[in-house]
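Working notes, structure below.
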Amino acid sequence: MKDAASPADIALWLVLALLWSTSYTAIKVGVQTLDPVVLVAGRLVIGALALFAVLKLRRMALSGRLGDWKHYAVSGLLGSAIPFLLISYGEQTVDSALASILMGIAPVTTVFVASFVFSDEYLTPRIVLGLVFGIAGVTLLVGPEALKDLGGDLTAQLSILAAALCYGVTTIYVRRFVKRPPLEMAAGSTIFAATAMTLMAALSGSAGAIDTSAASLGIVVYLGLFSTALATLIYFQLVPRLGATRMSQVNFAVPVGGALIGATVLAESLALHQVAALGVIMIAIFLVTKKRQPKVRDAAPIRPIAGE
């Protein structure tokens with residue numbers, strides 16, 4: 001992990017935040033006409049085909065080692081298939097802006113777990129303050145009026161929170177165990193996730209209710225090419241370079257984009273307190289991702305996990 005992010009890394013991080021922000025709006029539109037299983041399977045199949053094509057154009061191949069396929073499976077299921085499905089189900093009743101806000105739990109989970117797993121990622125007063133600002137910003141962005149009907153949509157909101165936890169665990173796992181090239185990991189994980197979701201769609205009978213309208217197909221293609229293929233490739237590129245803590249802060253940026261896009265594209269309400277919350281969240285991202293002061297000691301290796 002690098003102490004300072006390069007301009008290219010920052011640009012990719014911002015692109016990833018934008019891609020994930022727009023995905024919540026696209027999913028919200030998509031689940032109006034498509035079964036969530038079909039939507040997720042479709043975007044993953046398109047994403048897998050695109051990534052596999054790029055892999056072949058680069059004259060690369062998937063690994064033949066069983067251990068690497070385990071990494072494909074874990075990152076594909078926990079980082080794509082399961083959270084995509086949970087978010088799609090949740091957004092049947094939860095606004096896209098609120099869905100992106102609920103994802104704010106991911107950075108908090110990742111930072112705390114990373115401080116125990118990695119010796120070069122640790123909690124400092126500045127990072128803790130940043131997390132407090134992040135939580136405060138997310139809470140302010142949601143607003144008390146958004147929480148008054150929590151019981152009515154509890155299952156849907158818990159589904160989105162579970163997806164956030166999946167993303168946090170995946171980021172830790174990728175930083176800790178994955179050493180394969182980013183393009184290979186993006187292709188392998190997406191292919192595994194697409195296979196699993198295609199089987200699920202076939203076995204559940206969801207594949208029989210496919211809406212072939214231009215709008216529905218356009219949503220699936222957009223999610224597949226951009227929010228899946230491109231975003232997954234950027235993700236695997238950035239995790240080893242930025243580390244789990246800084247990488248996870250993209251989920252604090254996602255509510256900013258998600259709330260603004262939900263308000264402008266879907267005409268969802270954006271109150272004054274939500275606008276103020278965006279500034280609080282940006283302060284949180286700055287505090288957590290700001291380059292730390294050089295230490296006298298060298299960066300320590302990753303702490304071994306018991307049993308290794």
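All residue numbers in this chain count up from 1 along the given sequence.
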Distance check, rounded to the nearest 0.5 Å: [X] atom [atom1] versus [Y] atom [atom2]?
X     : Y      : atom1 : atom2 : value
Ile27 : Ile219 : CD1   : CD1   : 9.5 Å
Arg43 : Thr228 : CZ    : OG1   : 3.5 Å
Ser88 : Leu39  : OG    : CG    : 4.5 Å

Can you list the residues that meet the ring-ring contact (aromatic ring centres under 6.0 Å, His included) rule with [X], with sequence neighbours excluded?
X      : result
Tyr167 : Trp20
Phe84  : none
Phe52  : none

**Report entry** Joint cluster assignment, Leu51 & Val74, ILVMFWY side-chain distance < 4.5 Å
**Finding:** yes

Query - Leu18 with Val239, same ILVMFWY side-chain cluster at under 4.5 Å - result: no

So, [X] side chain and [Y] main chain: donor-acceptor pair closer than 3.5 Å or not?
X      : Y      : result
Gln32  : Lys28  : yes
Ser189 : Ala186 : yes
Glu121 : Gly243 : no
Thr170 : Leu78  : yes

Please name the pair of heavy atoms, one in [X] and one in [Y], separated by the smallest distance, quoted to 0.1 Å.
X      : Y      : answer
Ser216 : Thr33  : OG-OG1, 2.7 Å
Leu77  : Pro83  : O-CD, 3.4 Å
Ile46  : Val220 : CD1-CG1, 3.7 Å

Report summary line: Besides Leu217, the hydrophobic cluster formed by Ile, Leu, Val, Met, Phe, Trp and Tyr side chains linked at under 4.5 Å, directly or via other members, contains none

Query raised in the report: Apart from Val45 itself, what residues make up its hydrophobic cluster, given side-chain heavy atom links below 4.5 Å?
Result: Leu49

In the structure I gave you, are the side-chain heavy atoms of [X] and [Y] within less than 4.5 Å of one another anywhere?
X      : Y      : answer
Leu44  : Ser80  : yes
Leu242 : Asp9   : yes
Phe226 : Val221 : no
Phe192 : Trp69  : yes

Residues which pass side chain to side chain donor-acceptor pair (under 3.5 Å) with [X], listed by chain and number, not counting sequence neighbours:
X      : answer
Thr171 : Tyr235
Thr232 : none
Tyr89  : none
Gln237 : none

Query raised in the report: Which residue pairs pass the salt bridge (charged side-chain N to carboxylate O under 4.0 Å, His left out) test with at least one member in residues 271-282, sequence neighbours excluded?
Result: none

Query - For Arg65, all residues meeting salt bridge (charged side-chain N to carboxylate O under 4.0 Å, His left out), sequence neighbours excluded - result: Asp68

Query raised in the report: Taking everything shown except Leu66 itself, do over 12 heavy atoms lie less than 6.0 Å from its CG?
Result: no

Query raised in the report: Quick one: side-chain hydrogen bond (donor to acceptor under 3.5 Å, both in side chains) pairs with a partner in residues 217-227, sequence neighbours left out?
Result: Thr22-Tyr222

